[in-house]
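One is the number of the first residue; the rest follow in order along the sequence. Please read all numbers here as calculations on a predicted model, not as lab measurements.
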Amino acid sequence: MLAEGVDYLPKLRKLALSAKITGPKIHDARIDALCLHHGIKELWSADRDFTAFPPLRIKNPLIQ
């Protein structure tokens with residue numbers, strides 16, 4: 001389980017503002033910020049919404 005830390009909220013704010021997201025997409029930004037906060041560089045997901053947050057690489061495990 002990943003948890004928020006001291007630098008988490010500034011990362012979330014930066015991601016949300018740079019991607020100009022609103023509404024429910026904030027949950028995707030939250031996951032992205034948590035990954036970056038913990039040094040994760042690649043997220044496996046079939047959800048295309050994560051491509052709005054560039055520092056994290058997204059890999060679709062359903063496509064080879």
Show the numbers, then the answer: is there a side-chain contact (heavy atoms from CB on, under 4.5 Å) between Glu4 and Leu9? CA-CA 8 Å; Glu4 295 88 352; Leu9 282 177; over 6 Å; no
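- Two residues are said to be in side-chain contact when any heavy atoms from C-beta on lie closer than 4.5 Å; Trp44 and Asn60 fail this criterion.
- Taking all atoms of both residues into account, the shortest heavy-atom contact from Ser45 to Pro61 is N-CD, 3.7 Å.
- The shortest side-chain heavy-atom distance between Asp28 and Asp47 falls under the 4.5 Å cut-off.
- Closest approach of Ala19 to Ala52, counting heavy atoms only: CB-O, 3.6 Å.
- Looking at residues two or more places apart in sequence or on another chain, you find a side-chain contact (heavy atoms from CB on, under 4.5 Å) between Pro55 and Leu15, Leu36.
- Without hydrogens or angle criteria, His37 side chain to Leu12 main chain gives no donor-acceptor distance under 3.5 Å.
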Could you go step by step and tell me if Phe53 and Ile21 meet the side-chain contact (heavy atoms from CB on, under 4.5 Å) rule? CA-CA 10 Å; Phe53 313 109; Ile21 62 164; 4.1 Å; yes
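- The line from SG of Cys35 to CG of Leu56 is 5.5 Å long, rounded to the nearest 0.5 Å.
- For Arg57, the salt bridge (Lys or Arg N to Asp or Glu O under 4.0 Å) partners at least two apart in sequence or on another chain are Glu42.
- Every residue two or more places apart in sequence or in another chain that forms a side-chain contact (heavy atoms from CB on, under 4.5 Å) with Leu17 is listed here: Arg13.
- To the nearest 0.5 Å, atom OG1 of residue Thr51 and atom CD1 of residue Ile58 are 7.5 Å apart.
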